[in-house]
Amino acid sequence: KKNASELKFCDMVIKELHKKIHEPYAFPFYSPVDPVALNIPEYFKIIKKPMDLGTIQSKLKTNQYETGNDFEADLRLMFRNCYKFNPPNQAVHQMGKRLEGIFDEKWSD
Ligand SMILES: Cc1ccc(Nc2c(-c3ccc(O)cc3)nc3c(C)cccn23)cc1
């Protein structure tokens, strides 16, 4: 049985991460990484399970999460992918850290 209130909290959190105020550091995560557009042909060699905010939001809308933990696992996967592919000195790595900080804050509410 899906815990409705748990999943409503997930919806609130994913909506927060999409807010305009976070755009300067959230935009790389809005949609699936496009290795052609970003000229990173090796991406899918390094990242076996791509994940992004748009995919998470649609999985939430189409009832693909059983629990809040499944939802959190996809967000953590998204951030892990970012840190694996983009070294610490890269802007996108730091953007991930910044956005994960926002997530941690909201998730622990
Ligand atoms: C040559 C090069 C180096 C790094 C990047 N990273 C990057 C990523 C990215 C996000 C998550 C992720 O797991 C992997 C990559 N998204 C972007 C965007 C939107 C603009 C510019 C760079 N971006 C792109 C090209």
Side-chain angles (χ1 to χ4, degrees):
K1 188 174 145 332
K2 297 191 199 308
N3 181 330
S5 65
E6 203 176 318
L7 294 175
K8 220 174 25 269
F9 184 70
C10 295
D11 191 55
M12 186 268 290
V13 170
I14 197 78
K15 283 204 171 77
E16 174 68 33
L17 299 182
H18 276 99
K19 280 185 180 165
K20 198 86 183 137
I21 186 174
H22 303 306
E23 187 181 19
Y25 40 88
F27 76 86
F29 310 97
Y30 284 163
S31 45
V33 171
D34 178 348
V36 176
L38 294 172
N39 188 24
I40 45 179
E42 70 283 15
Y43 187 70
F44 292 140
K45 294 262 169 309
I46 298 162
I47 301 302
K48 295 305 176 196
K49 288 173 68 184
M51 190 46 65
D52 65 281
L53 294 175
T55 300
I56 291 167
Q57 186 150 46
S58 62
K59 282 178 74 173
L60 195 58
K61 278 197 179 16
T62 54
N63 245 333
Q64 294 179 56
Y65 293 122
E66 279 292 306
T67 67
N69 283 343
D70 301 340
F71 167 84
E72 180 186 10
D74 267 355
L75 270 150
R76 300 295 184 196
L77 167 65
M78 178 185 82
F79 291 122
R80 256 196 334 278
N81 289 345
C82 173
Y83 307 145
K84 183 176 185 186
F85 184 79
N86 303 287
N89 64 338
Q90 280 242 353
V92 178
H93 183 108
Q94 292 151 26
M95 291 157 98
K97 287 294 181 190
R98 182 93 185 267
L99 189 65
E100 189 170 27
I102 305 290
F103 173 66
D104 288 339
E105 192 185 306
K106 287 291 159 196
W107 193 242
S108 64
D109 260 357

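Start at 1 and go down the list; that is how both ligands and their atoms are numbered.
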K.L.:
If hydrophobic clusters are built by linking Ile, Leu, Val, Met, Phe, Trp and Tyr wherever their side-chain heavy atoms come under 4.5 Å apart, do Phe44 and Leu77 end up in the same one?
P.N.:
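No, because Phe44 and Leu77 fall into different hydrophobic clusters, even though each may have its own neighbours under 4.5 Å.
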K.L.:
Using side-chain heavy atoms (C-beta onward) and a distance below 4.5 Å, is Cys10 in contact with Tyr65?
P.N.:
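Side-chain contact under 4.5 Å: no.
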K.L.:
Taking both backbone and side-chain atoms of Asn39, is any N or O found less than 3.5 Å from an N or O belonging to ligand 1?
P.N.:
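No: no nitrogen or oxygen of Asn39 is under 3.5 Å from one in ligand 1.
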K.L.:
So for Val33, does at least one of its heavy atoms come nearer than 4.0 angstrom to any atom of ligand 1?
P.N.:
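In this structure, Val33 qualifies as a contact of ligand 1 - some heavy atom is under 4.0 Å.
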K.L.:
Can you tell me which residue and heavy atom of the protein come closest to atom 10 (C) of ligand 1, and the distance to 0.1 Å?
P.N.:
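Of every protein heavy atom, Val92 CG1, 3.7 Å lies nearest to atom 10 (C) of ligand 1.
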K.L.:
Measuring only between side-chain heavy atoms, which start at C-beta, is Lys59 closer than 4.5 Å to Phe71?
P.N.:
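Lys59 does not reach Phe71 side chain to side chain.
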K.L.:
In Å and rounded to the nearest 0.5 Å, what is the CD to OH distance from Glu100 to Tyr25?
P.N.:
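The CD atom of Glu100 sits 13.5 Å away from the OH atom of Tyr25.
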K.L.:
Which heavy atom of the protein is the closest neighbour of atom 3 (C) of ligand 1, given with residue, atom name and distance?
P.N.:
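Of every protein heavy atom, Gln90 OE1, 3.8 Å lies nearest to atom 3 (C) of ligand 1.
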K.L.:
Do the rings of Phe85 and Tyr43 sit parallel, tilted or perpendicular, given the 30° and 60° boundaries?
P.N.:
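Rings of Phe85 and Tyr43: perpendicular, as their planes differ by over 60°.
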K.L.:
Which atom pair, heavy atoms only, marks the closest approach of Leu99 to Met78?
P.N.:
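Looking at all heavy atoms of both residues, the closest pair is CD2-CE, 4.4 Å.
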K.L.:
Does ligand 1 have a heavy atom under 4.0 Å from the side chain of Ile47, from its backbone, from both, or from neither?
P.N.:
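None of Ile47 does.
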K.L.:
May I ask you to check whether Tyr43 has an N/O atom sitting below 3.5 Å from an N/O atom of ligand 1?
P.N.:
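Yes - when backbone and side-chain N and O of Tyr43 are compared with those of ligand 1, one distance drops under 3.5 Å.
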K.L.:
Return the closest protein heavy atom for atom 15 (C) of ligand 1 as residue, atom name and distance.
P.N.:
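Nearest neighbour among protein heavy atoms for atom 15 (C) of ligand 1, to 0.1 Å: Asn86 ND2, 3.4 Å.
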K.L.:
Counting non-hydrogen protein atoms only, what is the nearest one to atom 19 (C) of ligand 1? Give residue, atom name and distance.
P.N.:
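Residue, atom and distance for the closest contact: Pro28 CA, 3.6 Å.
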K.L.:
Tell me the closest heavy-atom pair linking Pro32 and Thr55, and the distance in Å.
P.N.:
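Smallest interatomic distance, heavy atoms only, reads CG-OG1, 4.0 Å.
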K.L.:
Using a 4.0 Å heavy-atom threshold (strictly under), name the region of Met78 that reaches ligand 1: side chain, backbone, both or neither.
P.N.:
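Neither part.
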K.L.:
Minimum distance, heavy atoms only, to atom 18 (C) of ligand 1: which one of Ile40, Asp34, Leu38 is it?
P.N.:
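Checking each option, the heavy atom nearest atom 18 (C) of ligand 1 is found in Leu38.
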